[in-house]
There are 2 protein chains.
Amino acid sequence: MKTFKIPEASIIRLSVYSRYLYQLDQKGVITISSGEIAEGVGVSPAQVRKDLAYFGEFGTRGVGYNVRDLHGHIMKILGLNHKWPIVIVGAGNLGSALTMYKGFLQRGFEIKGIFDSDPEKIGTEVGGYPVQPLENITKVVRDHMVEIGVITVPAPYAQETATMLVEAGVNAILNFAPRVINVPPHIEVRNVDLAVSLEILTFNLVMKRD
Amino acid sequence: MKTFKIPEASIIRLSVYSRYLYQLDQKGVITISSGEIAEGVGVSPAQVRKDLAYFGEFGTRGVGYNVRDLHGHIMKILGLNHKWPIVIVGAGNLGSALTMYKGFLQRGFEIKGIFDSDPEKIGTEVGGYPVQPLENITKVVRDHMVEIGVITVPAPYAQETATMLVEAGVNAILNFAPRVINVPPHIEVRNVDLAVSLEILTFNLVMKRD
DNA sequence: GACTGTGAAGCCATTCACAGCT
DNA sequence: AGCTGTGAATGGCTTCACAGTC
């Protein structure tokens, strides 16, 4: 396969395009141009074409793209043509919210277990899933071939949770704890810090005042 | 102040440095070098120095940086030397989780109101805050000089919510709805799509297989 | 005529390497 | 000697502009 280096920014945009295309498909739109996609998601037409060009030729010159086909192609590129089992560690507010969040299921992510260290929480239900003790992680990960673990524990426990997930056998981690975690190089990690996003806004607001 | 164009990536890193420095300060560390910061957060030493150089000279050649001072400087750069009142629109799972999330408060964000359109939810309490009807947004935003609004409504309502927030008078929006929103150019917007982060992971996992 | 696909150009961010302090 | 601060070089992403196709 063409394992050229693809900008991460392109992947983020592809994910955005896919949602927009799905929306259009639902509305019954059949064909769309790169310019219209660009307009709809706020990027340049050339950018849209370039992002797609990394993966093939999906359009027809003089015409544009078939909405449903292109959506299908992008979903396949993102690996979303099949389900992805995931586990969530940390049954606090954020972990619970993610467990109940419909958006994940819609995109093909299936929660196979939610875990917490707090004995008070274990056994309680979150979004229909029983909160399990950390000891169960390895078994659940193996039984359901889980490749992705989500960390929503408090920052001080982020590292040990990451280590635990790696030992259990996941290949990728989505870390919501505001702390850098160290994992072996073959493990994919993405950090989502909710406060960071707010801080970019405050920075921009402060900058503008001058 | 040198208002040259500063890469957004630098701002994200500054936010990360600030957390790391706070951690070090708590542990009693007095001085640190760019190399040690780099090591701690997973970037290059030159990157750390360059990021800081956009805003001034905070270190001492031959020595390094004073941990507490540098933390203070970065917090000021990010505009976090004072409190930021915010409002949250959408009292679903995510909105509730954010309202109860301690991380925001710790960084100086104070929730001045949470709003929802669902009559069933209005009046109920979320993290000690009563859920209010959308009609109250304008009053709350004006009374508390709120500049930042957070959108956690379902995707189809994202645009109207954004419009409402802008009319109420906010200058910045953090949008968690997986939909592109259109606002006047003077309004700062950041989109956080939780599924996008997972999809970058799945893309990378799929890529690796070949 | 319209729109895609793409090499080339332009632009921006990161890394390098060293001068400048302490 | 050690580490910062920074101009210069590098590398990578985005935009441009046009050839290719329907």
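Chain naming here is simple, since letters A, B, ... match the order of the sequence lines and numbering starts at 1 in each.
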Arg190(A), CZ atom: more than 12 neighbouring heavy atoms under 6.0 Å: yes
Check against salt bridge (Lys or Arg N to Asp or Glu O under 4.0 Å), Asp193(A) and Arg19(B): CA-CA 11 Å; Asp193(A) 187 327; Arg19(B) 281 179 187 67; 3.1 Å; yes
Which heavy atom of Ile86(B) sits nearest to which heavy atom of Leu198(A), and what is that distance? CD1-CD1, 4.5 Å
Between dC21(C) atom P and Tyr65(B) atom OH, what is the distance in whole Å? 16 Å
Glu57(B) atom CD is separated from dG7(D) atom C1', nearest whole Å, by 14 Å
Are any of Gln47(B)'s side-chain N or O atoms less than 4.0 Å away from OP1 or OP2 of dT15(C)? yes
Side-chain H-bond candidate by donor/acceptor type, Glu160(B) with Thr163(B), under 3.5 Å: no
At what distance, to the nearest 0.5 angstrom, does CG of Leu14(B) lie from CG of Asp51(B)? 5.5 Å
Using a cut-off of less than 4.0 Å, is there contact between a side-chain N or O of Tyr54(B) and OP1 or OP2 of dT14(C)? no
Could you state the CG-C1' distance from Leu52(B) to dC3(D), rounded to the nearest angstrom? 13 Å
How long is the straight-line distance from CD1 of Ile148(B) back to CG of Leu165(B), given to the nearest 0.5 Å? 11.5 Å
Expressed as a whole number of angstroms, how long is the span from Asn66(A):CG to dC3(C):C1'? 15 Å
Rounded to whole Å, CD of Glu8(A) lies from P of dC13(D) at a distance of 10 Å
Ala53(A) side chain: which of dT6(C), dC13(D), dC3(C) is closest? dT6(C)
Just the rounded figure in Å: distance from C1' of dT14(C) to CD1 of Ile6(B). 16 Å
Length of the CG-C1' vector between Leu70(B) and dC3(D), whole Å: 14 Å
Expressed in angstrom and rounded to an integer, what is the separation of Lys5(B) atom NZ from dC13(D) atom P? 17 Å
So OH of Tyr157(A) and OG1 of Thr152(A): to nearest 0.5 Å the spacing works out to 14.0 Å
Sugar-phosphate means primed atoms, P, OP1 and OP2; the rest is base. With that split, encode nucleotides 16-22 of chain D 5' to 3' as B, S or - using protein heavy atoms under 4.0 Å. BB-BBBS
